[in-house]
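Each remark here refers to the structure printed beneath this line.
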Amino acid sequence: MRPTDIMRGSPPAPEAQVTRANWRSFPAIRWGFTHTREVLPTAEVRRSTHPSPMPSARRELQKLGFTAPDGKRTTIEATLRETFADTLLVMHRGTLIHEWYGDGMTATTPHLICSISKAIAGTLGGILAARGLLDPEARVVRYVPELETSVYGGCTVRNLLDMAVAIKFEEDYEDPAGDVARYRFSSGWDVPPPGVDPSHQRAYLTTLRGTGKPHGKVFHYVSTNTEVLGWVYERACGMPYHRILSEYLWQPLGAEEDGSLTLDSHGMGRIAGGISVTARDLIRFGEMIRCRGVVEGRQVVPGWWIDDIRENGDPKAWADGDLAEFFPGARYRSKWFTIDPSRNALTAIGIHGQHLYVDLDSDTVIVKLATQPKAMDVPIDQRWFAAFSAITAHLA
């Protein structure tokens with residue numbers, strides 16, 4: 001039996017189970033996001049045999065106060081309690097100074113990180129490019145000719161990385177009959193209604209069409225772009241995505257626990273949002289980004305790729321794109337957000353409240369994981385950005 005209770009460790013109600021039909025709905029999500037391997041088929045992302053060390057020196061941050069975007073004073077502690085948070089980790093100059101877990105979470109509990117998975121994919125691209133396996137400026141069909149008649153037939157790998165594909169697709173998480181719903185059926189995340197063929201992810205990707213406008217001009221956030229990116233990586237490397245991720249990134253950075261990647265009915269991974277890892281391993285990843293790709297003296301990700309993420313991203317494409325009204329002046333490059341260009345900080349964001357925040361000005365990395373009922377809740381996101389600013393200012 002599977003619990004749907006708010007308390008993850010509490011006994012299940014005999015009449016209720018977490019299933020593929022409800023695992024992302026509140027309150028089942030609070031169990032589903034930490035037990036994804038028991039809901040969906042997955043592949044293992046293998047850990048390192050030599051985990052990178054994680055020194056710790058605890059500092060009190062729970063009582064830290066700040067002003068929320070609505071003008072009200074609050075604290076980190078209240079924000080954790082009021083925003084369905086599951087985990088908050090803060091690392092300062094390579095030392096873990098704060099580690100908080102909500103009910104049912106521990107240091108070894110895997111948590112679905114949703115679209116933070118995209119930032120991992122974008123980072124992985126730099127490793128493959130440095131090894132000569134991937135040309136970011138090449139056309140997608142150089143690697144995946146099956147996509148020639150789709151929208152992806154005319155775009156480049158760089159267009160995928162920067163969400164600049166001129167595609168007819170609306171990333172509306174609430175529309176039960178929209179593009180996202182059909183995409184989730186193909187990936188195995190949702191159960192289609194009677195009479196609807198779920199197909200599978202690769203077949204679905206070949207059906208997607210363009211707007212007729214040129215690629216590379218407008219930021220348009222579409223998860224299927226990252227699925228195609230993963231397909232490109234698989235062809236470039238000659239192995240499945242979960243192995244590429246493990247062998248080229250997760251093991252070299254010193255991950256302590258195995259992660260996982262959800263799979264569709266044909267074994268293709270959900271590259272855009274299907275990764276589950278521990279918060280500690282996620283903060284290891286963020287710390288590597290802060291250190292310009294270096295872990296214990298080893299260059300895991302090329303420094304020039306991280307520099308490119310920090311320094312580039314088309315401001316005009318962002319201004320003309322989907323999220324400009326929520327985050328004016330931001331940029332997007334290789335699956336990473338620069339929400340506030342006045343700060344030297346990178347952000348990876350996932351629906352239902354996932355955040356990885358890398359602030360280079362204050363040498364701080366923050367991981368906040370959650371199971372918010374709404375897929376997108378901009379007021380909560382903005383409250384957390386204010387919290388991150390308060391934490392980094394306090395540490396600086």
Side-chain angles (χ1 to χ4, degrees), residues 1-45 83-87 101-106 108-118 171-194 196 198-201 204 223 226-227 242 258-279 282 349-354 369-377 380:
M1 302 294 288
R2 295 179 175 133
T4 58
D5 308 71
I6 296 294
M7 297 287 286
R8 290 194 185 86
S10 60
E15 72 281 1
Q17 290 190 5
V18 178
T19 69
R20 195 156 58 96
N22 70 2
W23 71 284
R24 287 178 299 96
S25 300
F26 194 83
I29 188 175
R30 294 190 66 88
W31 191 88
F33 268 34
T34 52
H35 295 79
T36 307
R37 300 199 76 166
E38 297 169 57
V39 179
L40 301 175
T42 61
E44 192 170 65
V45 178
T83 63
F84 308 93
D86 298 324
T87 300
Y101 297 102
D103 294 326
M105 285 286 292
T106 71
T108 60
T109 304
H111 194 291
L112 191 72
I113 59 173
C114 299
S115 287
I116 295 178
S117 304
K118 293 182 175 70
E171 191 95 352
D172 183 347
Y173 304 111
E174 308 302 328
D175 184 351
D179 294 323
V180 172
R182 289 187 290 273
Y183 160 48
R184 285 175 171 166
F185 297 155
S186 75
S187 69
W189 272 36
D190 283 356
V191 179
V196 174
S199 186
H200 61 91
Q201 203 162 253
Y204 175 70
S223 288
T226 311
E227 307 302 353
H242 68 276
D258 291 334
S260 66
L261 175 71
T262 69
L263 302 175
D264 74 357
S265 61
H266 283 49
M268 184 179 185
R270 178 81 184 269
I271 287 91
I275 294 175
S276 293
V277 294
T278 66
L282 189 57
I349 304 173
I351 58 173
H352 296 286
Q354 323 316 317
L369 304 177
T371 39
Q372 294 166 198
K374 292 175 63 177
M376 287 189 66
D377 198 321
I380 289 182

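All values reported here derive from a predicted model rather than from experimental measurement.
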Q. Could you go step by step and tell me if Phe185 and Val196 meet the side chain to side chain contact (heavy atoms under 4.5 Å, CB included) rule?
A. CA-CA 9 Å; Phe185 297 155; Val196 174; 4.2 Å; yes

Q | Any donor-acceptor pair under 3.5 Å from Glu44 side chain to Gly259 backbone | A | no

Q) Any donor and acceptor pair, going by atom type alone, linking the side chain of Thr42 with main-chain N or O of Arg37 inside 3.5 Å? A) no

**Q.** Side chain Trp189, main chain Leu40, donor-acceptor under 3.5 Å
**A.** no

Q. Counting only N and O atoms by type, is there a donor-acceptor contact under 3.5 Å from the side chain of Asp86 to the main-chain atoms of Met105?
A. no

Q) With no hydrogens and no angle check, is any side-chain donor or acceptor of Glu171 less than 3.5 Å from a backbone partner on Ser223? A) yes

Q: Find the distance between CD1 (Ile275) and NE2 (His242) and round it off to the nearest 0.5 Å.
A: 12.0 Å

Q. When you check the side-chain N and O atoms of Glu227 and Tyr183, is any donor under 3.5 Å from an acceptor?
A. yes

Q) Are Thr36 and Trp23 close enough, and set up right, to give a side chain to side chain contact (heavy atoms under 4.5 Å, CB included), and what steps lead you there? A) CA-CA 9 Å; Thr36 307; Trp23 71 284; 4.2 Å; yes

Q: Enter the distance from Ile271:CD1 to Ser115:OG here, rounded to the nearest 0.5 Å.
A: 12.5 Å

(Q) The test is side chain to side chain contact (heavy atoms under 4.5 Å, CB included); show your working for Leu369 and Leu282 and say whether it passes. (A) CA-CA 10 Å; Leu369 304 177; Leu282 189 57; 4.1 Å; yes

Q. Quick one: does His352's side chain have a donor or acceptor within less than 3.5 Å of a partner on Gln372's backbone?
A. yes

(Q) I'd like to know if the side chain of Asn22 reaches the main chain of Gln17, judged simply by a donor and an acceptor atom lying under 3.5 Å from each other, with no hydrogens or angles considered. (A) yes

Q: Mind telling me whether His266 and His200 have parallel, tilted or perpendicular rings, with 30° and 60° as the class edges?
A: parallel

Q | Where Tyr173 and Val180 come nearest, the two heavy atoms and their spacing | A | CD2-CG1, 4.0 Å

Q. Could you give the distance from CG (Leu112) to OG (Ser260), rounded to the nearest 0.5 Å?
A. 8.0 Å

Q: Keeping the roles fixed (side chain from Arg20, backbone from Asp190), state whether a donor-acceptor pair exists under 3.5 Å.
A: yes

Q | Separation of Phe33 CZ from Gln354 CD (nearest 0.5 Å) | A | 6.0 Å

Q.
I'd like to know if the side chain of Arg182 and the backbone of Ala177 have a donor-acceptor N/O pair within less than 3.5 Å.
A. yes

Q: Return the set of residues passing ring-ring contact (aromatic ring centres under 6.0 Å, His included) with Phe84 (not counting sequence neighbours), or none when no residue passes.
A: Phe26

